[in-house]
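Okay, structure first, notes after.
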Amino acid sequence: MASVPLKPFFDSSGNRIHLGKKIGSGGEGDVFEILPAHSNVVAKIYHKPLEESKQEKLRLMTRGCNEELKSISAWPTDVLHAREGGPVVGFLMPKISDYEPVHKVYGPTHRKEHFPHADYRFLVRAAKNLAAAFFVIHKFGYVIGDVNEGNILVNNEACVRLIDCDSFQVRAGDRLYYCEVGVAQFTPPEILSTKHFKMERTANHDNFGLSILSFQLLFFGRHPYSGVYSGTEDMPLEKSIAEFRFAYGKNSARKSIAPPPNSVGLSVVPAQVAGLLESAFSEAGARPEGRPGAGEWWDALESLESRMRRCSADSVHTYYSGLSACPWCRLEETSGLLLFLSVDRITKIDLQREWQKVEAIARPGPIPLVSPSNFLHRATPLPPGIGRAIDMRNFRQFMGISIIAILAVLVLFGAITEEFTVPFLTVVVIVAVLFLYPGAAAAEKRRRRGNLESARYLWDLWNRKWIAEAGDAAFFAQVNQLRELKGKYEKIDREYRAGLLTLERSIKDRQQKKFLERISIDTCTVPRVTGGLKSILKSVGIATAADVTRNRLLGIPQLDNTLTNELLAWREKMERNFLFDPTQGVDRADVQALIHRYQPLLKPVERDLVQGIQRLQRIQGDIVKKRTTLRPAVEKRARELAQAEVDYEVFSRTPEELIAREIEGFIFPRRKSR
Amino acid sequence: MIDDTDDMLPDQQPLGAVTFAENPEPRCPCLLLLDTSGSMAGQPITELNAGIREFYNELQNDSLAIKRVEVALMSFGPVRLISEFNTADCFFDPQLVADGDTPMGETIRKGIDLIKTRKEQYRANGISFYRPWIFLITDGAPTDEWQSAAAMVREGESAKSFAFFAIGVHKADMKILKQISVREPVKLQGLKFREFFQWLSNSMKSASRSNPGDRIQLSPPLGWSEI
Ligand SMILES: Nc1ncnc2c1ncn2[C@@H]1O[C@H](COP(=O)(O)OP(=O)(O)OP(=O)(O)O)[C@@H](O)[C@H]1O
Ligand SMILES: [Mg+2]
């Protein structure tokens with residue numbers, strides 16, 4: 001609002017045009033409301049001065065304006081100048097309010113938010129109305145050029161309007177005014193490689209965009225060229241379009257592309273519609289006039305509309321009657337998607353019954369104990385030579401220790417003096433040999449120690465696997481998660497029920513509000529409330545008696561105290577006419593609004609619950625299976641470790657080993673505990 | 001080997017396929033590798049946090065960007081995955097804390113892996129995607145081996161698997177950044193993180209509705225860089 005130009009602009013007849021609030025902004029210009037009462041006209045003012053050809057194009061467009069064009073688009077109705085006789089700096093066009101860009105209709109997330117009541121019929125109707133709009137533009141010889149998801153608007157009655165018309169391609173005699181912009185996703189393959197759009201565009205190019213948008217509306221926002229590509233390289237959308245890789249077409253396998261998971265195929269629409277899609281997205285479409293035109297699209301969608309059936313399981317599901325079963329029920333079941341907001345109920349599962357399923361799954365019970373200490377083994381007997389070698393070694397070490405002890409005593413008593421140096425050294429060498437001479441047992445010891453280490457390593461590995469896969473931790477973790485989900489589910493359900501209760505309590509207030517909403521401000525007969533004042537009130541959103549409250553009247557400068565009071569008195573008078581009808585009950589629409597609010601919250605929880613219960617079943621089955629399949633392998637490792645331990649036992653009793661173990665235990669306290 | 005599996009999280013994003021069906025718009029992935037080493041403590045980290053918050057805000061207010069732009073956050077010092085690739089509606093405030101050293105090499109390697117995994121998910125679910133962007137933001141020099149990461153960046157750039165941008169803050173070692181990034185690294189002016197993220201969200205918004213062509217559509221880094 002900060003940058004509203006204060007100076008008035010001039011239309012082509014020299015009338016002053018005052019701008020109001022800014023309501024939109026784009027790359028080329030800003031869009032403003034017009035003051036005061038022209039509430040159905042807006043102005044676009046460009047950021048930069050326009051080239052002469054662009055000014056001429058706008059003049060031509062305003063001259064070509066007619067009711068038909070105005071009904072489907074924001075067609076320029078008149079040019080605007082900053083000073084009389086100056087260059088064109090903007091234009092006037094019909095105001096389009098309460099419309100949303102088409103991407104909010106075809107994208108399921110946004111559709112459920114902005115068009116909660118929309119069902120499949122709505123989507124078909126929007127596509128049909130889109131075709132009608134294209135038809136009109138083409139009929140008068142224009143080309144849209146920059147077809148995209150933001151320039152096409154849809155309202156909650158599925159009516160379609162085109163904006164950004166100043167970029168359309170205009171032909172006047174032999175002069176052509178280009179549309180110099182485009183968005184890759186809607187640009188046909190044959191012109192996709194152009195670096196700029198200084199070129200003639202044709203209706204066949206537009207029809208590519210029309211077919212893409214129709215596909216997106218009918219197939220829940222999927223792009224026809226986005227699929228699962230089986231090549232190894234990246235497949236950007238543009239490249240896929242350029243190479244005609246229509247993921248749903250009959251040639252898709254040859255194009256190495258398949259429809260994405262959780263999508264529906266061309267079989268959900270009649271063969272006639274499928275045929276149009278095939279021809280629009282294949283090589284044949286790129287030939288001049290090769291694609292289905294707006295008229296053909298309109299006919300095919302009109303025929304689909306007349307052949308729709310309502311699903312018996314969910315009344316919001318409407319689908320092509322040529323199908324044997326409701327495709328949306330199937331997709332919702334297999335994918336966990338919520339395609340449409342139900343009007344009947346917020347959930348499709350029975351929590352009680354689901355929870356019984358959880359309780360019916362048998363607990364796996366504690367993990368069976370497998371441990372090396374369960375196995376008693378006798379040590380493998382030592383080869384005879386080695387037994388003797390060990391005894392020898394023990395004897396040698398005993399001798400060594402004795403000599404050291406004697407020496408120590410001698411040193412202590414000062415018996416060793418200078419002249420004893422040589423014999424002393426000799427003794428040291430003898431001791432060293434006694435200790436260090438490897439002897440025949442060393443190789444066997446190394447072998448057994450190696451065995452022990454690898455047995456320990458393997459046992460460790462398998463024991464961890466055993467605990468992880470045959471233990472019951474995963475099972476209970478999953479049960480806990482399910483319990484949490486159940487709590488969440490119950491909380492949302494409680495809130496929904498509380499909402500219903502409040503609705504019932506406030507029926508009276510709501511009935512009264514509805515009643516007042518039906519009384520237009522136009523019927524107000526207070527003398528000072530003139531036609532002009534009424535349109536000011538309407539421009540700030542005060543259209544019915546329900547809107548007349550002190551708070552909302554306060555901010556309006558044209559109202560003085562008495563006028564405000566007179567308006568409030570008028571409302572009170574109207575209120576007195578209201579008769580409460582207790583038989584009417586809660587309004588269906590209100591209940592639906594409540595369902596629409598809570599269903600999307602509940603759906604993911606519902607989905608997690610159902611999938612979580614299946615997972616719990618799988619986990620339980622896995623554990624039981626693992627307990628039998630893994631057991632022999634784990635036991636084998638336990639047995640091997642027990643064996644390796646007793647085998648090594650003989651060596652672990654030597655004095656040197658005991659000392660080494662002490663030292664090791666001191667340095668690596670953790671290892672000792674194994 | 002065993003330790004690796006112990007660290008792994010079970011069942012990451014099991015509902016991916018549903019999310020993609022609810023919102024099949026083409027994705028524009030953006031990975032932020034954020035330096036949270038000790039030297040970032042105080043004002044720098046505060047500004048960085050604020051910048052990220054604003055970044056998400058901007059994306060949330062654009063009805064197309066909110067469906068198309070996916071942001072993942074990794075911080076380094078130590079290397080942490082703060083947020084997987086998600087659209088801006090799933091934002092949670094990272095509240096980064098500065099401590100630790102600057103294991104830039106590891107972050108880059110892990111980040112590139114993360115992008116690879118996400119691309120595989122897109123592919124399996126039939127979701128088109130634009131070339132991912134990686135932004136490395138650092139105020140120091142790597143304290144670990146970074147040459148292998150630099151090689152991965154070069155490889156990814158030449159295969160057009162992603163575009164890698166390095167932003168140096170304050171006393172960042174621009175010489176090493178130059179060796180890591182194929183594109184010229186940019187120096188942040190003072191602590192203009194907010195300006196940087198404002199610029200980034202605008203770039204993401206326009207990239208997510210791009211015109212034909214394989215160009216990277218970045219506007220010049222005005223208002224936040226030292227150029
Ligand atoms: N007739 C209209 N009535 C109401 N709002 C409008 C109208 N025309 C445009 N707007 C709003 O103004 C915004 C900008 O309009 P438009 O797309 O024509 O501008 P632009 O500068 O050409 O944009 P772009 O760079 O996307 O082409 C639109 O997104 C829409 O919200
Ligand atoms: Mg425009």
Next item on the list: Identify the two heavy atoms, one from B:A124 and one from A:V228, that lie closest to each other, and give their separation to 0.1 Å.
Entry: O-CG2, 3.5 Å

Note to self: Working note: A:E233 + B:R123, criterion salt bridge (Lys or Arg N to Asp or Glu O under 4.0 Å); need CA distance, chi angles, decisive distance, verdict.
What the structure shows: CA-CA 10 Å; A:E233 79 275 21; B:R123 242 180 242 146; over 6 Å; no

Notebook entry, point to check: With a 4.5 angstrom heavy-atom cut-off, which part of A:E100 approaches chain B: side chain, backbone, both or neither?
Noted result: neither

Check: Would one find more than 12 heavy atoms of other residues, nucleotides or ligands at under 6.0 Å from atom CG of A:N480?
Finding: yes

Notebook entry, point to check: Which members of residues 190-199 of chain B, sorted by number, sit under 4.5 angstrom from chain A on a heavy-atom basis?
Noted result: none

Could you give the side-chain donor-acceptor pairs of residues 107-115 of chain B under 3.5 Å, partners two or more places apart or in another chain?
| from | atom 1 | to | atom 2 | distance (Å) |
| --- | --- | --- | --- | --- |
| B:T107 | OG1 | B:P103 | O | 2.7 |
| B:R109 | NH1 | B:E145 | O | 3.4 |
| B:R109 | NH1 | B:E145 | OE1 | 3.2 |
| B:R109 | NH1 | B:S148 | OG | 3.0 |
| B:K110 | NZ | B:E106 | OE2 | 3.0 |

Note to self: Going by the rule salt bridge (charged side-chain N to carboxylate O under 4.0 Å, His left out), which residues pair with A:E113 if we only count those two or more places apart in sequence or in a different chain?
What the structure shows: none

Item checked: Any side-chain heavy-atom pair of B:S128 and A:H223 under 4.5 Å -> no

Check: With A:K112, which residues qualify under side chain to side chain donor-acceptor pair (under 3.5 Å), at least two apart?
Finding: B:E22

Check: So which heavy atom on A:R222 is nearest to which on B:G126, and how close?
Finding: NH1-O, 4.4 Å

Item checked: Top contributor to chain A interface from B:L64, B:N23, B:I127 [non-hydrogen pairs under 4.5 Å] -> B:L64

Notebook entry, point to check: chain B: which of A:L331, A:N148, A:L337, A:I241 shares the most heavy-atom pairs with it under 4.5 Å?
Noted result: A:L337

Item checked: side chain to side chain contact (heavy atoms under 4.5 Å, CB included) between A:E238 and B:Y130, intermediate numbers included -> CA-CA 10 Å; A:E238 263 172 67; B:Y130 297 86; 5.7 Å; no

Item checked: Reported OG-to-NE2 distance for the pair B:S63 and A:H110, which is rounded to 0.5 angstrom -> 6.0 Å

Notebook entry, point to check: Side chain, backbone, both or neither: which part of A:S226 has an atom under 4.5 Å from a heavy atom of chain B?
Noted result: both

Notebook entry, point to check: Are any of the side-chain heavy atoms of B:F129 and A:M235 separated by less than 4.5 Å?
Noted result: no

Check: Hey, are A:D234 and B:R131 close enough for a salt bridge, meaning a charged N less than 4.0 Å from a carboxylate O?
Finding: no

Check: At what distance, to the nearest 0.5 angstrom, does CZ of B:R68 lie from NE2 of A:H103?
Finding: 7.5 Å

Next item on the list: Taking all non-hydrogen atoms of both residues into account, name the closest pair between B:P24 and A:P108 and its distance.
Entry: CD-CD, 4.1 Å

Next item on the list: May I ask you to name which of A:E149, A:K239, A:K465, A:Q216 has the most heavy-atom pairs under 4.5 Å with chain B?
Entry: A:E149

